[in-house]
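Every value quoted in this text rests on a predicted model; they were computed, and no experiment measured them. Proteins come first, then strands; the chains are lettered A, B, ... in the order of their sequence lines, and each starts at number 1.
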Number of protein chains: 2
Amino acid sequence: MDAQPEEPVRRRLTRAETKARTRALLLDAAARTFARKGFTGASVEEIAEAAGFSTGALYSNFSSKEALFLELLSDRRRDRLAAAAQALDSHGAGTAEAVTELGRLLVNVADKDIEFAALQAEFWLYAIRNPQVMGALADSARESHQALEGLVAAAMARRGAPERVSAQAVATVVAALFIGLVRQRRVDPDCVSEELFGQALNWLFTGINAEDADGD
Amino acid sequence: MDAQPEEPVRRRLTRAETKARTRALLLDAAARTFARKGFTGASVEEIAEAAGFSTGALYSNFSSKEALFLELLSDRRRDRLAAAAQALDSHGAGTAEAVTELGRLLVNVADKDIEFAALQAEFWLYAIRNPQVMGALADSARESHQALEGLVAAAMARRGAPERVSAQAVATVVAALFIGLVRQRRVDPDCVSEELFGQALNWLFTGINAEDADGD
DNA sequence: GTCTATAGCAGGATAGAC
DNA sequence: GTCTATCCTGCTATAGAC
């Protein structure tokens with residue numbers, strides 16, 4: 001017989017799919033927990049419980065707490081900035097006022113994922129303390145950076161920025177602004193209004209355009 | 001007799017001074033250790049040993065690990081940025097090319113104190129996870145911010161920036177740039193050249209000056 | 001005021017049942 | 001593949017000697 005009553009053919013989840021789902025749930029819970037308690041402060045039991053499993057199940061899916069953390073770091077789905085940027089990019093970034101749009105996009109990212117900044121800070125601290133994983137962080141950063149660079153290049157083109165100014169350098173500056181303003185906004189929201197980021201971007205891009213006249 | 005051989009009057013350190021010195025040594029060791037291992041990852045024994053004392057001595061000077069950490073946060077001597085800014089400020093910031101000077105100053109701070117960024121990140125993470133200490137972090141940030149604002153105002157005046165642009169807002173943007181670039185430089189030094197900070201500041205201040213023509 | 005010793009507890013990781 | 005129970009280590013904080 002082809003069809004066995006004991007094992008229905010239309011079963012939705014294979015064993016592998018169940019395991020994959022467990023892994024995904026554990027990764028989600030880990031992201032939340034690491035963001036809230038930090039790598040050292042978060043316990044594996046806490047993470048497992050947040051996902052609805054036991055520590056045994058966690059260790060059956062990840063070899064150690066560190067392995068779980070590093071998988072999060074390499075997991076590109078975590079990077080909302082890159083995802084949002086790509087979405088906006090393929091959506092036609094140059095149609096609206098590009099710089100304003102870029103500012104809005106990044107503010108949205110900051111507001112939507114309240115744990116994003118904390119988790120990034122954890123990754124950064126972990127990487128500077130464990131040089132062997134710095135490469136992984138650099139790879140992850142490069143992904144976001146390239147997505148951002150696309151947006152920046154579009155904004156520069158629309159504004160008619162001088163060609164010799166590298167979009168790569170400007171993207172780095174924009175990323176720095178983003179990181180720094182998000183961080184300060186958490187400490188003192190009054191100092192960092194919602195519009196400040198867009199305003200800073202406008203100053204920046206205006207200054208870049210004025211490079212034409214400058215010597216070097 | 002005035003002078004007692006058993007207890008020389010020209011003794012350098014009183015008991016209070018000895019204790020103050022112990023406290024200072026413990027605070028220094030704590031700053032290094034927290035920067036290298038994080039608040040949760042650093043053990044009090046580790047800190048005490050780094051200072052050349054025992055855990056008992058540490059607890060005789062600070063009521064808990066957290067109290068030690070918070071004292072570091074409030075300790076204004078820790079803030080090299082504010083100190084350097086004040087030094088430069090009273091030294092005459094407006095004499096040289098102000099923006100370039102500002103860029104050099106901040107790069108120096110980043111290079112001189114390699115642990116500065118890590119410790120600041122620890123403070124930030126601790127504050128967002130323990131709202132009751134966010135006020136202390138905000139106070140500390142305000143100190144640096146005001147020192148920076150003085151420098152920024154001087155640079156703006158020298159460049160003839162429009163009066164209606166607030167030095168406070170610009171100082172926030174400059175601080176964000178600083179934080180963000182220092183952070184990225186640790187991950188990928190090739191992306192963040194030494195000159196990039198100065199260049200970004202030049203773009204920024206040039207763009208601000210062009211505000212005159214702008215609508216809003 | 002500092003040291004040694006230790007109480008008391010929590011967390012990472014594992015073993016074996018199911 | 002997941003759960004329960006547990007080992008072992010390492011940590012914070014304290015007590016008492018000097």
Side-chain angles (χ1 to χ4, degrees), chain A residues 6-8 11-73 122 126 129-130 133, chain B residues 7 11-73 122 126 129-130 133:
Chain A
E6 317 280 314
E7 197 176 319
R11 174 186 69 231
R12 283 279 174 68
L13 296 161
T14 65
R15 286 193 247 282
E17 284 167 343
T18 306
K19 180 156 189 178
R21 189 170 167 280
T22 301
R23 275 181 69 92
L25 287 170
L26 283 167
L27 282 168
D28 274 349
R32 289 196 304 274
T33 312
F34 283 136
R36 279 179 24 210
K37 303 282 195 83
F39 174 73
T40 320
S43 75
V44 291
E45 189 178 3
E46 214 170 356
I47 295 169
E49 271 173 16
F53 298 95
S54 62
T55 71
L58 189 152
Y59 276 99
S60 143
N61 282 277
F62 301 94
S63 62
S64 70
K65 184 183 174 181
E66 186 185 28
L68 175 54
F69 187 69
L70 294 181
E71 188 128 340
L72 265 186
L73 172 55
E122 285 294 329
Y126 192 89
R129 287 164 187 162
N130 303 270
V133 308
Chain B
E7 197 177 319
R11 171 185 75 231
R12 286 277 173 70
L13 297 161
T14 66
R15 286 195 248 283
E17 285 167 343
T18 306
K19 180 157 189 177
R21 188 171 167 279
T22 300
R23 274 180 70 91
L25 287 170
L26 283 167
L27 282 168
D28 274 350
R32 288 195 304 273
T33 311
F34 283 137
R36 276 179 26 208
K37 301 283 195 83
F39 174 72
T40 321
S43 76
V44 290
E45 189 179 3
E46 213 170 356
I47 295 169
E49 272 174 15
F53 297 96
S54 63
T55 71
L58 188 152
Y59 276 99
S60 141
N61 282 278
F62 301 94
S63 63
S64 69
K65 184 182 173 180
E66 187 186 28
L68 176 53
F69 187 68
L70 294 181
E71 187 127 339
L72 264 186
L73 172 55
E122 285 294 329
Y126 192 89
R129 288 165 187 162
N130 303 269
V133 309

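Contacts of B:Ala42 with the nucleic acid, taken as non-hydrogen atoms under 4.0 Å apart, involve only primed sugar atoms and P, OP1 or OP2.
Going from atom CZ of B:Phe69 over to atom OG1 of B:Thr33 covers 12.0 Å, rounded to the nearest 0.5 Å. How far CG of B:Leu25 is from CZ of B:Arg23: 12.0 Å, rounded to the nearest 0.5 Å. In this structure, A:Leu27 CG and A:Thr22 OG1 are separated by 11.0 Å, a value rounded to the nearest 0.5 Å. With rounding to the nearest 0.5 angstrom, the CG atom of A:Leu72 is 11.5 Å from the CD atom of A:Glu122.
Whole-Å rounding puts the B:Glu45 CD to C:dT6 C1' distance at 12 Å. Per the geometry, CD belonging to A:Glu66 stands 9 Å off P belonging to C:dA13, to the nearest Å.
Looking only at distances, no side-chain donor or acceptor of B:Ser60 sits under 3.5 Å from a matching main-chain atom of B:Gly56. Between the side chain of B:Lys65 and the main chain of B:Phe39, a donor-acceptor pair closer than 3.5 Å is present. At distances below 3.5 Å, not a single donor-acceptor pair connects side-chain atoms of A:Arg32 with backbone N or O atoms of A:Ile47.
Counting all heavy atoms, side chain and backbone alike, A:Val44 lies closest to A:Leu58 at O-CD1, 3.7 Å.
For the segment residues 54-64 of chain A, the set of residues with a heavy atom within less than 4.0 Å of an atom of DNA chain D comprises A:Ser54, A:Thr55, A:Gly56, A:Ala57, A:Ser60, A:Asn61, in numerical order.
Along DNA chain D, the stretch of nucleotides lying under 4.0 Å from any heavy atom of chain A spans, 5' to 3', D:dG1 to D:dA5.
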